[in-house]
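Owing to the predicted nature of the structure, the values given are computational and were not obtained by experimental measurement. Computed over heavy atoms, backbone and side chain alike; hydrogens, waters and symmetry mates excluded. The sequence lines fix the lettering, A, B, ..., with proteins before strands; numbering per chain opens at 1.
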Amino acid sequence: MSAEISHSRFAFKDAEERWQSLWETRGCFNASDDRDRPKYYVLEMFPYPSGRIHMGHVRNYTMGDVVARYKRACGFNVLHPMGWDAFGMPAENAAMEKKVHPAEWTYANIDTMRRQLKMMGLSIDWSREIATCDPNYYQHEQQMFLEYLEAGLIERREGWVNWDPVDQTVLANEQVIDGKGWRSGAAVEKRLLSQWYFKITDYAQELLDALEDLDRWPEKVRLMQANWIGRSEGLRISFKIEGQENRLEVYTTRPDTIFGASFCAISPEHPLAAELAARDNELTSFIEMCGQLGTSEAVIEQAEKIGYETGLRVKHPFITGKTMPVYVANFILMEYGTGAIFGCPAHDQRDLDFARKYGIDVLPVVLPDGKHDVSIENEAYVGPGKLTNSEFLNGLSIEDAKAEITRRIEAAGQGLREVNFRLRDWGISRQRYWGCPIPIIHCEDCGIAPVPAADLPVILPEDVNFGAPGNPLERHEDWKTVDCPKCSKPARRETDTFDTFMDSSWYYARFTAPNADTPTNRDAADYWLPVDQYIGGIEHAILHLLYSRFYMRAMTKTGHAGMDEPFTGLFTQGMICHQTYRTQSGEWVEPADVVEGDGDGIFHVETREPLIVGRSEKMSKSKKNVIDPEDIIKSYGADTARWFMLSDSPPDRDLDWTEAGITGAWRFANRLWRIAADAAKNLPEPGATSQNTEVRRAIHRAIAGVTEDLEAFHFNRSVARVHELVNVLSNIDPKTDGETLREGLEAVTLLIGPMMPHLAEELWHTLGHETPVAETDWPTFDKSLLIQDTVKIAVQVQGKMRGTVEIANNAEKPVAEEAALALPTVIASLNGKKIKKIIYVPNRIINVIH
RNA sequence: GCGGACGUGGUGGAAUUGGUAUACACAACAGACUUAAAAUCUGUCGGCCUAUAGGCCAUGCGGGUUCAAGUCCCGCCGUCCGCACCA
């Protein structure tokens, strides 16, 4: 590259350094304490410090930054903070694999990622940075936990976990692969552990009802949450077990199909199953086999349905003399309903699969509307219809039959209607080291005691050993041993730590007063909360967001906040994808190692081996299709990376990372810079007025359009509008129409301010302004320039396009008709036929029907 | 398996939410500048038919509603996300 050429390019490295340090010196992005100004709280989901930022982060934080800078320019007092979701398993895995302490590993990652994020030029108030692994953060979690316990929001009970018998550790579902532990390869067992539960189910109805008011959330997320909460109205029925005093309680949402019932099934974790297994070795091994599936619902439901016939039989409540077999079945979840069902194979696919396998009767009891008989082969009928083969229910609709059977069963004292939720309580205990310690002491005599306030916080010990299996806290005798706060005798600390979702369920509140010595400062929290715009991945649509909604309510109940919903606006972004490359033998190849051949085909840069090009997939280390943001920022600059992130792909959809895309963005940044730099010396002083109405229309249309698009999260459209305007401006000669070019360039500069902030500052300065863009108001537009005198509208005959006519804006129907009927193509299409009617939508279309 | 979404040129996508389908960009091709290349600038660019005017066909596939469907409804196909201890 010659010196001359480099001269005519945007020197991004220099510009980025200069403007970033100016922003910092002037404190442009520090949230103000001025409570009289309207506030705007924009937050992106904080990152897990995994090592280095990835493109997903770049996209997420670019979008948040656009919103933050835009809102700031609109006059809001903006809070835009950043922190670290710093507890979690990867740090412990690193400790085991790389012999590095989780804290050391985590903080080193944070340093790297903070440096990388700063390279992006984000308008973040870094003075509020928090890390969840910092005792200054997690001590408040401990205090709140004890308050929740006091308030009855927390309880202790037993729960099932995946247990790795070799590593002596609890496994996450993702660590269970084909029923084996990922590290040890040992067959997984289901184990019952005493754990702490947050009683989110007490709020199930409320969390469901409140979804309706979250009108700035994507509809799909609200739907997913509603389905997750899964309210169902059904009936709990008590079946008499033949030859026993015990009864079997089942829950059903289809009590109308009771006459089609032909078996009962209970979960392998059902107490009755355990009772029977005590004297049945075969059943014991069956239950163990079910346990090997682990606790993942997805795995359980996809597994082949198997059952074990217990020999017990229950009596049908309405058919005298009829009894049904009771199975233990692997697809019945203990967590839902009563952990027992009655099966009606004709009208439930899972029951049908099961019945076919074990030769159980299939009795259809719902007749599809308009049919006279129904026979079931391998597909259950779950649609609407009328009851049949069901004695007193015959002829009723499903709804009526449900009501009738419920009435009868309740009257007979054989059951009760029950509202059930699929939502389960939130288990918050984790048998791990790198998390917030649960501030509880276990005493043999006194039982469970909270750590006294004076002894808080409970700090994680640093001297831990990851050399042996199991939780290092469990082996740390010094730390573990403590005097009982009640009787002073030696007792032991709880060695479990919190689920990391606990940390991320209130960090948004902590940002409003990150140094407060209480969890929140109510004054600050009441001013800043709720988060006006939250931005993050769709993968958090259910758990994180639901837990946070619940946690906010818990904080409000205990006085730490004063509202229910933490996030009034939500945007979920798509993922970043990239093409994948493999060798002939199937090994993944990094994009950096791929070169194009002379003709067709793609080759490995070193071995020259021809490569197979796979489809574009989510960037992941395992497929090696990752591009390092730092490389991109170093080669093209932060603005180019940001601009590309916003171009083309709608933000809620997946973005395909392409080399061509990033170079295109780079070329545009340069082109804009060059137009401004070349024109600068010929432009009139700021404030000159342009008379070029046509171009001014384009300028003001762009301002209006970009404003509207940013408000609606249509960043890709904003980018297109900026392109359009620049295309117009590039044809203006600064020597003959400098006023117009100045107005246009100033508009473009301010419009790209949120998207390419360094370039914007550079242009703004070039155009002779002293105040940085970061402190300049968002441009306004002249509405009168948006209205066109004439409009070109489409003319159709029989709904087919036949041409266009240019008529006055909002022309009267007769005027439009006359113009349309005069079109030669219309005359030809009509071919003398009689016109039946003419549909005219002003400024849109005119349709002639014959 | 259950729940949720998405599908438009060679490519990413746009379409005022039922009203001119393909804005904007990328790639490609042609031209200008250059010893040459890069960069830059100009032009062409959904398919088929046609000398032109113009016509016909195209929004994953198959139906439907409507004066009018990428948009609404029904049924398929494909891809992706979540499923409670990954974050």
>> Roughly how many Å apart are B/G4 and B/U8, using the P atom of each and rounding to a whole number?
In response: 22 Å
>> Students often get this wrong, so: under 4.0 angstrom with heavy atoms, is A/E724 touching a base, only sugar-phosphate, or nothing?
In response: sugar-phosphate
>> Under a 3.5 Å cutoff, is there a donor and acceptor pairing between the side chains of A/S649 and A/D656?
In response: no
>> Check this one for me: any side-chain N or O of A/N731 less than 4.0 Å away from OP1 or OP2 of B/C41?
In response: no
>> Roughly how many Å apart are B/A37 and B/U17, using the P atom of each and rounding to a whole number?
In response: 50 Å
> Without hydrogens or angle criteria, can the side chains of A/W196 and A/D496 be said to hold a donor-acceptor pair below 3.5 Å?
Replying inline: no
> What interatomic distance, in whole Å, is found between P of B/G13 and the corresponding atom of B/C26?
Replying inline: 16 Å
>> At less than 4.0 Å, is any side-chain N or O atom of A/K800 found next to OP1 or OP2 of B/A69? Yes or no.
In response: no
>> Heavy atoms from C-beta onward define the side chain here; which of B/A14, B/C24, B/A5 lies closest to that of A/N716?
In response: B/A14
> Starting at CD of A/Q573 and ending at C1' of B/G82, how long is that distance when rounded to a whole Å?
Replying inline: 16 Å
> Base, sugar-phosphate, or nothing for A/L423, non-hydrogen atoms under 4.0 angstrom?
Replying inline: base
>> By the 4.0 Å heavy-atom rule, please label A/G661 as base, sugar-phosphate, or nothing.
In response: nothing
> Using a cut-off of 4.0 Å on non-hydrogen atoms, how would the nucleic acid contact of A/K305 be classed: base, sugar-phosphate, or nothing?
Replying inline: nothing
> Starting at CZ of A/F198 and ending at P of B/A84, how long is that distance when rounded to a whole Å?
Replying inline: 20 Å
> With both distances under 3.5 angstrom, what nucleotide forms a Watson-Crick or G-U wobble pair with B/A30?
Replying inline: B/U42
>> Taking 4.0 Å as the cut-off, does a side-chain nitrogen or oxygen of A/N847 come that near to OP1 or OP2 on B/A68?
In response: no
>> Rounding to an integer number of angstrom, what distance separates B/U79 and B/A84 when you compare their C1' atoms?
In response: 25 Å
>> Check this for me: does the side-chain of A/R432 come within 3.5 Å of the base of B/C85 through a donor and an acceptor?
In response: yes
> Looking across every strand, which nucleic acid part, if any, lies under 4.0 Å from A/S296 by heavy atom: base, sugar-phosphate, or nothing?
Replying inline: sugar-phosphate
> Hey, does A/N173 reach any base, or is it just sugar-phosphate, or nothing, if we go heavy atoms under 4.0 Å?
Replying inline: sugar-phosphate
>> What is the distance, to the nearest angstrom, from the CZ atom on A/R424 to the C1' atom on B/C85?
In response: 11 Å
> The side chain of A/H540 lies closest to which of these nucleotides: B/C67, B/A87, B/C83?
Replying inline: B/A87
> Base, sugar-phosphate, or nothing: which does A/W426 touch, judged by heavy atoms less than 4.0 Å apart?
Replying inline: nothing
>> At 4.0 Å (heavy atoms only), tell me whether A/T804 reaches a base, stays on the sugar-phosphate, or touches nothing.
In response: base
>> I'd like the P distance from B/C83 over to B/A14, given in whole Å.
In response: 28 Å
>> Regarding A/A541, tell me which of base, sugar-phosphate or nothing describes its non-hydrogen contacts under 4.0 Å with the strands shown.
In response: nothing
> Contact class for A/F501 (heavy atom, under 4.0 Å): base, sugar-phosphate, or nothing?
Replying inline: base
> Roughly, in whole Å, what's the span from CD in A/Q225 to C1' in B/C83?
Replying inline: 14 Å
> So how far is it from A/L830 CG to A/I835 CD1, rounded to the nearest 0.5 Å?
Replying inline: 5.0 Å
>> Expressed as a whole number of angstroms, how long is the span from A/Q798:CD to B/U66:P?
In response: 15 Å
> Has the side chain of A/E539 got a donor or acceptor that lies under 3.5 Å from a partner of the other kind on the base of B/C83?
Replying inline: no
> Mind checking what makes side chain to side chain donor-acceptor pair (under 3.5 Å) contact with A/N809, not counting sequence neighbours?
Replying inline: A/N843
> Can a donor-acceptor pair be found between the side chains of A/T201 and A/D425 at a distance below 3.5 Å?
Replying inline: yes
>> Just to be sure I understand the rule, does A/P650 reach a base, reach only the sugar-phosphate, or reach nothing, if contact means heavy atoms closer than 4.0 Å?
In response: sugar-phosphate
>> Can you tell me whether the side chain of A/Q431 and the base of B/C85 have a donor-acceptor pair closer than 3.5 Å?
In response: yes
>> On RNA chain B, compare the nucleotides closest to A/M89 and A/D656; which residue's is nearer the 5' end?
In response: A/D656
> What is the distance from atom CD1 of A/I229 to atom CG of A/L208, rounded to the nearest 0.5 Å?
Replying inline: 5.0 Å
> Between A/D678 (CG) and B/A39 (P), how many Å, whole number?
Replying inline: 18 Å
> Does the side chain of A/S232 pick up a donor-acceptor pair with the side chain of A/N420 at under 3.5 Å?
Replying inline: no
> If the P atom of B/A69 is compared with that of B/G60, how far apart are they to the nearest Å?
Replying inline: 15 Å
>> Quiz question: by atom type and distance under 3.5 Å, do the side chains of A/N60 and A/Q573 form a donor-acceptor pair?
In response: yes
>> My understanding is that a pair needs two contacts under 3.5 Å, Watson-Crick or G-U wobble. By that rule, which nucleotide pairs with B/G12?
In response: B/C24
>> Apply the syn/anti split at 90° from 0 to B/U17 and say which one it is.
In response: syn
>> Between B/U16 and A/R844, counting only base atoms on the nucleotide and side-chain atoms on the residue, is there a donor-acceptor pair under 3.5 Å?
In response: yes
> Donor-acceptor pair under 3.5 Å: do we get one between A/D648's side chain and the base of B/G12?
Replying inline: yes
> Could you give the CG-to-P distance, from A/N843 to B/G19, as a whole number of Å?
Replying inline: 14 Å
Contacts table for residues 534-543 of chain A: side-chain donor-acceptor under 3.5 angstrom, sequence neighbours left out:
unit_1, atom_1, unit_2, atom_2, d
A/Y534, OH, A/Y507, OH, 2.7
A/Y534, OH, A/H544, NE2, 2.7

>> Classify A/E708 by what it touches in the nucleic acid, base, sugar-phosphate, or nothing, heavy-atom distance under 4.0 Å.
In response: nothing
> What does A/I849 touch in the nucleic acid at a heavy-atom separation under 4.0 angstrom: a base, only the sugar-phosphate, or nothing?
Replying inline: sugar-phosphate
> At under 4.0 Å between heavy atoms, what does A/R222 touch on the DNA or RNA strands: base, sugar-phosphate, or nothing?
Replying inline: nothing
>> Check this one for me: any side-chain N or O of A/R653 less than 4.0 Å away from OP1 or OP2 of B/G7?
In response: yes
